[in-house]
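A short write-up of the structure that comes next.
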Number of protein chains: 4
Amino acid sequence: MTLNDDVLGRARVTDNEELKAFYAELETHEAGALWTVANDIEPWYPQPKSVPTLWRYADLRPLVLRSLDLVTGDDAGRRVVMLTNPERKDVSAAVGLLYTGLQVMGPGESMTAHRHQASALRFVVEGQGAWTIVDGQKLKVGPGDFAITPNWTWHEHGNESAEGPCIWQDGLDIPLVNAFDANFYEVHPNVYQEPGKVENWSLLTYGAGQLRPYGFGDTWTKPYSPLLAYPWEPTYEALRNAAKAIDGSPYDGVIMEYSNPLTGGSVMPTMSAHMQLLRPGEATLAHRHTGSVVYNVAKGSGHSVIAGRRFDWTRGDIFCVPSWAWHEHANGSDSDDACLFSFNDFPVMRALAFWREEAYPDNDGHQPV
Amino acid sequence: MTLNDDVLGRARVTDNEELKAFYAELETHEAGALWTVANDIEPWYPQPKSVPTLWRYADLRPLVLRSLDLVTGDDAGRRVVMLTNPERKDVSAAVGLLYTGLQVMGPGESMTAHRHQASALRFVVEGQGAWTIVDGQKLKVGPGDFAITPNWTWHEHGNESAEGPCIWQDGLDIPLVNAFDANFYEVHPNVYQEPGKVENWSLLTYGAGQLRPYGFGDTWTKPYSPLLAYPWEPTYEALRNAAKAIDGSPYDGVIMEYSNPLTGGSVMPTMSAHMQLLRPGEATLAHRHTGSVVYNVAKGSGHSVIAGRRFDWTRGDIFCVPSWAWHEHANGSDSDDACLFSFNDFPVMRALAFWREEAYPDNDGHQPV
Amino acid sequence: MTLNDDVLGRARVTDNEELKAFYAELETHEAGALWTVANDIEPWYPQPKSVPTLWRYADLRPLVLRSLDLVTGDDAGRRVVMLTNPERKDVSAAVGLLYTGLQVMGPGESMTAHRHQASALRFVVEGQGAWTIVDGQKLKVGPGDFAITPNWTWHEHGNESAEGPCIWQDGLDIPLVNAFDANFYEVHPNVYQEPGKVENWSLLTYGAGQLRPYGFGDTWTKPYSPLLAYPWEPTYEALRNAAKAIDGSPYDGVIMEYSNPLTGGSVMPTMSAHMQLLRPGEATLAHRHTGSVVYNVAKGSGHSVIAGRRFDWTRGDIFCVPSWAWHEHANGSDSDDACLFSFNDFPVMRALAFWREEAYPDNDGHQPV
Amino acid sequence: MTLNDDVLGRARVTDNEELKAFYAELETHEAGALWTVANDIEPWYPQPKSVPTLWRYADLRPLVLRSLDLVTGDDAGRRVVMLTNPERKDVSAAVGLLYTGLQVMGPGESMTAHRHQASALRFVVEGQGAWTIVDGQKLKVGPGDFAITPNWTWHEHGNESAEGPCIWQDGLDIPLVNAFDANFYEVHPNVYQEPGKVENWSLLTYGAGQLRPYGFGDTWTKPYSPLLAYPWEPTYEALRNAAKAIDGSPYDGVIMEYSNPLTGGSVMPTMSAHMQLLRPGEATLAHRHTGSVVYNVAKGSGHSVIAGRRFDWTRGDIFCVPSWAWHEHANGSDSDDACLFSFNDFPVMRALAFWREEAYPDNDGHQPV
């Protein structure tokens, strides 16, 4: 595949005065000549503006905690330090069309209820006592737990601990929804929801995904998972079990996708999430694919090489892989597991037939750094 | 809905000599007059030949064990006492188009490998040490475990215990497959399979249904569940958890469908299976539906009323509910749970748009007995 | 594949007095020994009772017409000469679980309205003026037209011609629905339906299958085609067009499946229908598959070889191919097209994962006759 | 729904020096405070940058034709005047994430072959002799015809007329694919494709959508329609037929979606297209929905009111409706039909659960202008 634009089949018009006059006249009609932009808008391969970036939890945590004193939850709506890719600040994206941030709630604090067309997910980093009410259903979440707030569900959060703050990572598809001019927002008419009687209802009802509750009147037709929380313990256990049976992915180690137990599909139509296990000493091969990914280090430490650059990480660190960037991961320990949580826009890639993937072909599958 | 055939809209031709001659002539051409059979073949509502039947485990167990001495596994193929509905012996059906039987394997015994178009499932009743190899994958199963042998998978079974026999209930769709003239059978070319290295592979890999193993090279496209075994403990735990959150079905108590974790659908295209929990003292309401069901009492004791007749049951008993028969269940204990395992042909009812269900309208929802 | 039952892996128990006593005891408990029937109910390959059969229209037509005088439509319900396979008279099947018959309506005659769980289809053989009202929608049909009466739709028929009778072939899945104990029947409360204002509504609305009517308030969720009639002319034209582009099937010539334009699937969940074109002089190769088929010769003449037996056919003749029977077709003319209409239970074969197909391996793909 | 941001539930932090210092520190870590942008990125309802725009064919046509003299096809790649929304020039979009342009080919001219991840569609405006080769399949298209070039299919175009130029409208999802960093491009290794023997192959084979070609070896699994061209005549006839049967949409008149005959779904996963008929004198009601639309006036003249502004149109004019903008259409003639072709990103709206629609509530359903 030649990447030279000076070939038959690419636009290579030499501009002259007559053409410039033509372009000017086109502009008066809200028109233009395709050949002036064709090579830019139809690149040989993806040209993301997003760059590989790592945000150290050690750097962010003090800032996140400081925000507790700087703004009230009521004034901020949500007290979140968002992470923005250097070249994507215009759309508040961490990578591609994905937003992420670190949200903090002080002891006893609670936020007001709202809903939006954007879908949200949470990955809890630290603290005991965090809860969320999603469409009237109260969920308790702790470190390592993954929870979802699907599009247009009422939601509000809080921290019922008397002691310390709770910090979780938010992941949303705000830039994606905005790219399609499809976002909506509502404040809850009562400001706060009335939670249902049973805490963790969806976990009790749908938490054994291989068993489908039957005949109890819930004919679920919504385009997202009825299971709203995926606790850390059974997730880690599932990875450990699978590690006894399968080699896993050459690029990701043993990796599981949080799935909608009623369909086997992704938890929400725009975003999916994974938890992966890098066994002691494991270093994966490099590959690249369309779709953007945001990671959070759930356990252990190690490094990733992304687009030829090494990023060292430890628990709580967040980093991103832009679309079509080569990437590979390595557990830094020879004795302990490392786990990476991640979320992505792969469901969109697949729904729109944009998915493409390839292995790094050279150097035994590893990028030179 | 009138059930009288002597109405406009039903066949009500009075035969005479001319007609009889006409019928005789039709017969010489492999033809007949529809109106002579129309009311029979188009009944007002289903007229199953199958009758509600209960098989006591206390009766069957001695017979099953005696078969250990009467025939070898090699001679019998499989040593099974099959349960046949009084009016369905011609097709070896327990009810409708479903076959069931009790299979016994003596200590150290193993059966030869074969495959057939009919799908099979197992529900283990007693004994330690039972195993099955399904398409090269060895599974260990114990009491209360549910396992599947999907259509055309190689399979063989055995009992590796040194002590006692193992007894499980087989459920197959043999009469169904035969009704469509679609059955095939093959003996394994090597008589026995070579099992894979990892025991309970599918359970380790797919056993946490809300987590989907990803990127490990298994792109499952088969029309049945990759998860081949569903152990008793997590199943019972799931029912107990759900009982904290939901009322369950008014007709079945808290009931779960064993499901294909990759699709949320039934484990096989022709048969599905459930485990249901009747809470202490619980007596469900009566309903009826198309589709046939075979039950096995997994825990506790109680009774069911089927088509107006009471059947008392205790652990290990097997009973059936024919299509469109009213039925309701009651836990006989005020202190202990009762659990019913069952399998059915509901996936067919739904795929062919035959599903229909209604609540018993009178007498507060309970049949007079 | 050995077909010998005296091998390890098949049941081959030698009966003795002790076993006979055991069998007798089992019988008292509504039980039996699987090994006594295993080889029969699990055959090496399908063993249909149905035999290849051809019904000559020349033979049947006089009988069909005579029925006009013998019974009234009101008494007969429907005046139909049904075609029954010699070995399937017990279930009124033409082949497998499919029913067929020839229905006749005299000039000006109309039948009463009813509905049933069984699905019906019509293929018009002769006569002008036939109509059917399906769920209030009046359809006019003529020779070569195909129409459907999906399960549980109200329907009634008539002949508005002042001159001659109309004869069409009925195809129903009555034996199939009965095999599952799932049939229901209702007479229309008003005996006759009130037709909607627009004749051929579904044809006008959905008749250009590549164009989907949008936004007019019809959110179709029923499990069958909203298009109820498929006229002969565009069907034949589609076959002629396709013959310019594709070779077609080696076993069937150029063949089209009447499809649900909203899904691309079969017209009904239990039965599908085809029209196929055998070009002048064309003789197809033999193959076999699971699933039963009933044919009606729509155009031309020729012969088919079914299970090694030759059946010559001409327009209006009806014949059947049982499951797993080898079959091949030949156009008897070197100058004219021949067309075969057919209907089948393939949607069931596919939904239940029973579909299997193979080419005749010997003799250049043709059966010896 | 209040649209005031100064309420509990919206961000309303008052900045001060301490906060400004905090923001500055966040920025050094590629981070920011969500509350500074929250109300902007989570608007109460969509805030598209795209504005309703109409491009007059009378204005554009001379410019398009002049480009024939200004650049060669080989230099331009494709000789296209693209239409850009005033506020979306940065991404070369006509509206939302959709691109459109007018492509011209002189007599006897042909373009080189390439493929890209972006999907393309064509609506022919004028000229005889246009052709396109899509994955080796040559299609001839004339005025009113609609054709598709699905993602990653090889394609090239030409005009085999000896006389005049051909002009068609291109529609592509280039901005959409780029928004996801998922575009790829390749020049055909031989610069030109070798066309298959049969012209209009897909039209001959799949052009009668209610009939599915069967058993000829084409097991289509691609995520787009196998039917690549939808000629004007049967499309217009389908609309005229439907107008006899249905009222159509209150917002669009009688409207059809070009559909994939194998699935009933949209022709491509990212874009769908419609043709709608406004009967003489018909003026539709206003509604709005998520998703962007580009129209081309296929027949007649009239006007549309978009976001309260009136746009008069006649044949060949192109106009757009941004996401969530109120719009309604009126045929300007009391005697002749008017037809609007349009394409949109609705398949994305539906796949991602972004679809939302509402009727204009006031003023009898019509916007004041």
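Only heavy atoms go into these numbers, but all of them, side chains included; no hydrogens, no water, no symmetry mates. The sequence lines fix the lettering, A, B, ..., with proteins before strands; numbering per chain opens at 1.
- Neither the backbone nor the side chain of C/N16 has a heavy atom closer than 4.5 Å to any heavy atom of chain B.
- Residues C/R78 and B/E42 are paired through a salt bridge, judged by an N-O separation under 4.0 Å between the basic side chain and the carboxylate.
- Heavy-atom pairs under 4.5 Å with chain C peak, among B/H114, B/H116, B/Q117, B/M349, at B/Q117.
- Counting heavy-atom pairs closer than 4.5 Å to chain B, the top-ranked of the candidates C/L26, C/L172, C/T36 is C/L26.
- For C/Y224, no part lies under 4.5 angstrom from a heavy atom of chain B.
- Of the listed residues (B/V80, B/I174, B/T112), the greatest number of heavy-atom pairs within a distance under 4.5 Å of chain C belongs to B/V80.
- For the set B/A353, B/A351, B/G101, the count of heavy-atom pairs under 4.5 angstrom toward chain C peaks at B/A353.
- Contacts between B/H29 and chain C at a heavy-atom distance below 4.5 Å involve backbone atoms as well as side-chain atoms.
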Kindly determine whether B/W35 and C/D75 satisfy side-chain contact (heavy atoms from CB on, under 4.5 Å), including the steps that lead there. CA-CA 8 Å; B/W35 58 85; C/D75 279 358; over 6 Å; no
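- Put simply, CZ on C/F354 and CG on B/N151 are 7.5 Å apart, with the number rounded to the nearest 0.5 Å.
- In terms of heavy-atom proximity, C/A76 sits nearest to B/A11 at O-CB, 3.7 Å.
- If you measure heavy-atom distances from B/S92 to chain C, the contacts under 4.5 Å come from the side chain alone.
- What you find for C/L8 and B/D74 is that their closest heavy atoms are CD1-CG, 3.5 Å.
- Across C/A31 and B/V81, no two heavy atoms sit closer than the pair CB-CG1, 3.8 Å.
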